[in-house]
Peer 1: 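Below you'll find the structure I mean.
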Amino acid sequence: MTDRRAARPQVIGDPPTSVRASEELSPEAIATMLTAPSAPALLERLGITGQDHEDLAPLLDQAAADAEILAAITTTANQLRDGAGLHVPTVDLEAAKAAHTALQERLAPGEGLIPILALAVSTSTVRAWHEARGLTVEQSWEVLADLGQQMRVHRLSTGRLGLHQLGWMALNWRGRLVHLGRLQFDLHRAEKGTARERWVIGTHIPARGSLDPAAVEDSFDRATAFFTENFGDLADSGDRSRPQDAPAFGHEFLCDSWLMNRTLVEELGTESNIGAFVDRWEILSTSPGADGAAFFVFHALPPYDAAALPRGTRLERVVGERLADGRGWDSGLGRLVR
């Protein structure tokens, strides 16, 4: 279940700035991928395991046999595999969400099936970009296996097969993310449109266990080493030079998250893993983020009853009490220079 029959994607730039698909895939080619004997194995490589794999595998043949669903998968897959790299737009999977959800009802209730299948058959371009920028084959598949992780999060929130983190997965298929140990990182331009515009490293915290300080430190060390070695050309590139007073490329990290809230330090203390993690960051700005906190702490999607959310852990008590009593929760943008 790969698009190996298609021409190899074209690498653009030296050092590479993007990778482009050389040709589009036809509905017939995608139907062949969906029904190939290797299809279940690819789902596993994409992190789709357990109940999600059990529920999804029987739908592959049905999706390939429905001309309208297959056409939607083909259109979306070709959009996703069109390009990956630094200077390519991210596909807006949300734009077709209503139409995709309506089509999905022919096969299974819920949302996200068409994007899941489109993501599964469109890995060639992003894998070529990973290779061009120094990721190993194993690292590349670890990045792409985030699809399965996001499906597991969806199941925790809804109890069924699906995917609702569409924007996140489209970003991933543009090659903007890398998984290095405990944390994930992405490249993006900070303070765009100003004299201080520059490349920085975004930081993301996947739901994969505790934030052990040693593991966190190791991830940051690996991120600095990886980006300075494989993206050193971004230290001073584009239309303007890196601001002279900006930290060296590969040493400046940003984190836009519900976790960037000093309440977690005050209530949990720096002896806790979460408190210690938050305490690393200078919080530059905040904005209302109650729904984000409810989702990441309790796997709750709106509408939810804040008073009924569990209080089984210190974290659940800290967040849940504020959601229930009207204080709400602020997300923040954190900055770390190391």
Peer 1: Output all residues satisfying side chain to side chain donor-acceptor pair (under 3.5 Å) with Arg335, sequence neighbours left out; order by chain, then residue number.
Peer 2: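 Partners of Arg335 under the side chain to side chain donor-acceptor pair (under 3.5 Å) test: Glu252.
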Peer 1: Checking side chain to side chain contact (heavy atoms under 4.5 Å, CB included) for the pair Trp199/Leu86: CA distance, chi angles, key distance, verdict?
Peer 2: CA-CA 10 Å; Trp199 288 102; Leu86 301 175; 4.1 Å; yes
Peer 1: Is His100 reaching over with its side chain to a backbone N or O of Ala102, donor-acceptor style, under 3.5 angstrom?
Peer 2: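 Judged by distance alone, no pair lies under 3.5 Å.
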Peer 1: For Leu70 and Ala64, which heavy atoms make the closest approach, and how far apart are they?
Peer 2: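 What the structure gives for the nearest pair is CD2-O, 3.7 Å.
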Peer 1: Please name the pair of heavy atoms, one in Ala118 and one in Ile73, separated by the smallest distance, quoted to 0.1 Å.
Peer 2: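 Ala118 and Ile73 have their closest heavy atoms at CB-O, 3.8 Å.
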Peer 1: Regarding Asp186 and Arg174, does a basic nitrogen lie under 4.0 Å from an acidic carboxylate oxygen?
Peer 2: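 Judged by the 4.0 Å cut-off on N to carboxylate O distance, Asp186 and Arg174 do not form a salt bridge.
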Peer 1: Return yes if some donor-acceptor pair links the side-chain N/O of Gln62 with the main-chain N/O of Pro58 below 3.5 Å, else return no.
Peer 2: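 Yes, Gln62 side chain to Pro58 backbone: donor-acceptor pair under 3.5 Å.
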Peer 1: Are His188 and Arg176 side-chain neighbours, meaning at least one heavy-atom pair lies under 4.5 Å?
Peer 2: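 No - every pair of side-chain heavy atoms lies 4.5 Å or more apart.
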Peer 1: Spell out, as yes or no, whether a donor-acceptor pair under 3.5 Å connects the side chain of Gln104 to the backbone of Gly112.
Peer 2: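 Indeed, once roles are kept as given, a pair shorter than 3.5 Å links the two residues.
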Peer 1: Would you please test His154 and Thr158 for side-chain hydrogen bond (donor to acceptor under 3.5 Å, both in side chains) and show each step?
Peer 2: CA-CA 6 Å; His154 180 277; Thr158 67; 3.2 Å; yes
Peer 1: Leu254, Phe296: one ILVMFWY side-chain cluster at the under-4.5 Å cut-off?
Peer 2: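 No: no chain of side-chain contacts under 4.5 Å links Leu254 to Phe296.
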Peer 1: Count I, L, V, M, F, W, Y as connected when their side-chain heavy atoms are under 4.5 Å apart, and connections chain through other members. Are Val200 and Leu187 then in the same cluster?
Peer 2: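 Different hydrophobic clusters.
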Peer 1: So which atom in His130 and which in Gly175 form the shortest heavy-atom distance, rounded to 0.1 Å?
Peer 2: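 His130 and Gly175 have their closest heavy atoms at NE2-CA, 4.2 Å.
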Peer 1: Between the main-chain N or O of Thr136 and the side-chain N or O of Ser140, is there a donor-acceptor pair closer than 3.5 Å?
Peer 2: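 It does not hold such a pair.
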Peer 1: Are side-chain heavy atoms of Leu117 and Ile30 found at a separation under 4.5 Å?
Peer 2: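 In short, these two side chains do not touch, never coming nearer than 4.5 Å.
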Peer 1: List the atom of Ala84, the atom of Trp129, and the distance in Å for their closest heavy-atom pair.
Peer 2: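 Smallest heavy-atom distance, with atoms named: CB-CB, 3.9 Å.
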Peer 1: Check whether any side-chain N or O of Thr123 sits under 3.5 Å from a backbone N or O of Leu119 as a donor-acceptor pair, and report yes or no.
Peer 2: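 No; zero donor-acceptor contacts below 3.5 Å.
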Peer 1: With sequence neighbours left out, which residue pairs that include part of residues 263-283 fulfil the side chain to side chain donor-acceptor pair (under 3.5 Å) condition?
Peer 2: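 Side chain to side chain donor-acceptor pair (under 3.5 Å) check on residues 263-283 returns Glu217-Arg280, Asn261-Thr263, Arg262-Asp279, Glu267-Arg322.
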Peer 1: Could you check whether the rings of His204 and Trp168 sit parallel, tilted or perpendicular, using 30° and 60° as the cut-offs?
Peer 2: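 His204 and Trp168: perpendicular rings.
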Peer 1: Run the side chain to side chain contact (heavy atoms under 4.5 Å, CB included) test on Leu336 and Phe220 for me, step by step, so that the C-alpha distance in whole Å, both residues' side-chain angles and the decisive distance to 0.1 Å come before the verdict.
Peer 2: CA-CA 10 Å; Leu336 173 65; Phe220 282 122; 3.7 Å; yes
Peer 1: Which distance, rounded to the nearest 0.5 Å, do you find between the CG of Leu93 and the CG of Leu166?
Peer 2: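 One gets 5.5 Å once the value is rounded to the nearest 0.5 Å.
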Peer 1: Given the rule that I, L, V, M, F, W and Y join up when any side-chain heavy atoms are under 4.5 Å apart, are Leu147 and Val137 in one cluster?
Peer 2: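 Per the 4.5 Å side-chain linkage, Leu147 and Val137 are co-clustered.
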Peer 1: Counting only N and O atoms by type, is there a donor-acceptor contact under 3.5 Å from the side chain of Glu197 to the main-chain atoms of Gly193?
Peer 2: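 Indeed, once roles are kept as given, a pair shorter than 3.5 Å links the two residues.
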Peer 1: Any chance you could measure Arg8, atom CZ, to Thr125, atom OG1, to the nearest 0.5 Å?
Peer 2: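 The distance works out to 10.5 Å.
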Peer 1: Using the rule that Ile, Leu, Val, Met, Phe, Trp and Tyr join whenever any side-chain heavy atoms are under 4.5 Å apart, tell me whether Phe298 and Leu301 fall into a single cluster.
Peer 2: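 Linked, Phe298 and Leu301 end up in one cluster.
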Peer 1: Can you tell me how far apart OG (Ser122) and CE (Met33) are? Round to the nearest 0.5 Å.
Peer 2: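 It comes to 9.5 Å.
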Peer 1: Would you indicate whether the side-chain heavy atoms of Trp173 and Thr90 approach each other to under 4.5 Å?
Peer 2: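 Thr90 does not reach Trp173 side chain to side chain.
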Peer 1: Roughly how far apart are His251 NE2 and Phe253 CZ, rounded to 0.5 Å?
Peer 2: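 Interatomic distance, His251 NE2 to Phe253 CZ, rounded to 0.5 Å: 8.0 Å.
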Peer 1: Is there a side-chain contact between Val297 and Trp258 in this structure, where contact means two heavy atoms from C-beta onward sitting under 4.5 Å apart?
Peer 2: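 Val297 reaches Trp258 side chain to side chain.
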Peer 1: Could you tell me which residues satisfy side chain to side chain donor-acceptor pair (under 3.5 Å) with Ser331, sequence neighbours excluded, listed by chain and number?
Peer 2: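 With neighbours one apart ignored, the set is empty.
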Peer 1: If you take all heavy atoms of Arg127 and Leu144, which pair is closest and at what distance?
Peer 2: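 Heavy atoms only, the tightest pair is CG-CD1, 3.6 Å.
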Peer 1: What pairs meet the side chain to side chain donor-acceptor pair (under 3.5 Å) rule with one or both residues in residues 298-321, with sequence neighbours excluded?
Peer 2: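 Qualifying pairs, neighbours excluded: Asp291-Tyr304.
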Peer 1: Do the non-hydrogen side-chain atoms of Ile274 and Leu259 ever get within less than 4.5 Å of each other?
Peer 2: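 They are in contact (side-chain heavy atoms under 4.5 Å apart), so the answer is yes.
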Peer 1: Run the side chain to side chain contact (heavy atoms under 4.5 Å, CB included) check on Val178 and Phe227 step by step: do they pass?
Peer 2: CA-CA 10 Å; Val178 60; Phe227 287 109; 3.4 Å; yes
Peer 1: Looking at Arg242 and Glu191, is any side-chain nitrogen of the basic one under 4.0 Å from a carboxylate oxygen of the acidic one?
Peer 2: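 No.
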Peer 1: Could you give the side-chain donor-acceptor pairs of residues 11-21 under 3.5 Å, partners two or more places apart or in another chain?
Peer 2:
residue: Thr17; atom: OG1; partner: Ile12; partner atom: O; Å: 3.2
residue: Arg20; atom: NH1; partner: Asp82; partner atom: OD2; Å: 3.1

Peer 1: Distance from Asp61 atom CG to Asp66 atom CG, nearest 0.5 Å?
Peer 2: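 One finds 12.5 Å between CG of Asp61 and CG of Asp66.
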Peer 1: Does the side chain of Thr74 come within less than 4.5 Å of Leu25's, by heavy atoms?
Peer 2: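 Result no, sub-4.5 Å side-chain heavy-atom pair not found.
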Peer 1: Compare every heavy atom of Thr228 with every heavy atom of Phe249, then report the nearest pair and how far apart it is.
Peer 2: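 Minimum heavy-atom contact is O-CG2, 3.5 Å.
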Peer 1: What pairs of residues pass the salt bridge (charged side-chain N to carboxylate O under 4.0 Å, His left out) test when at least one of them lies in residues 139-168, not counting sequence neighbours?
Peer 2: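 Counting only pairs at least two positions apart or across chains, the salt bridge (charged side-chain N to carboxylate O under 4.0 Å, His left out) contacts touching residues 139-168 are Asp52-Arg155, Asp55-Arg155, Glu111-Arg160, Glu142-Arg208.
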Peer 1: With a 3.5 Å distance limit and no angle check, can you tell me whether Thr224 reaches the backbone of Asp221 through a side-chain donor-acceptor pair?
Peer 2: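 Answer holds: no.
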Peer 1: Let me confirm one number: the CD1-CG distance from Ile114 to Leu163, rounded to the nearest 0.5 Å.
Peer 2: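 Between atom CD1 of Ile114 and atom CG of Leu163 there are 12.5 Å.
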Peer 1: Do Arg182 and Leu211 have side-chain heavy atoms sitting under 4.5 Å apart?
Peer 2: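 A side-chain contact under 4.5 Å exists here.
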Peer 1: Under 4.5 Å between any side-chain heavy atoms of Phe295 and Gln165, yes or no?
Peer 2: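 Yes, side chains in contact.
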Peer 1: Let's go through Leu42 and Val121 carefully: what are the C-alpha distance in whole Å and the side-chain angles of both, what is the deciding distance for side chain to side chain contact (heavy atoms under 4.5 Å, CB included) to 0.1 Å, and is it a yes or a no?
Peer 2: CA-CA 9 Å; Leu42 178 62; Val121 298; over 6 Å; no
Peer 1: Should Leu333 and Ile201 be counted in the same cluster of Ile, Leu, Val, Met, Phe, Trp and Tyr side chains packed under 4.5 Å apart?
Peer 2: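 No, no single cluster joins them.
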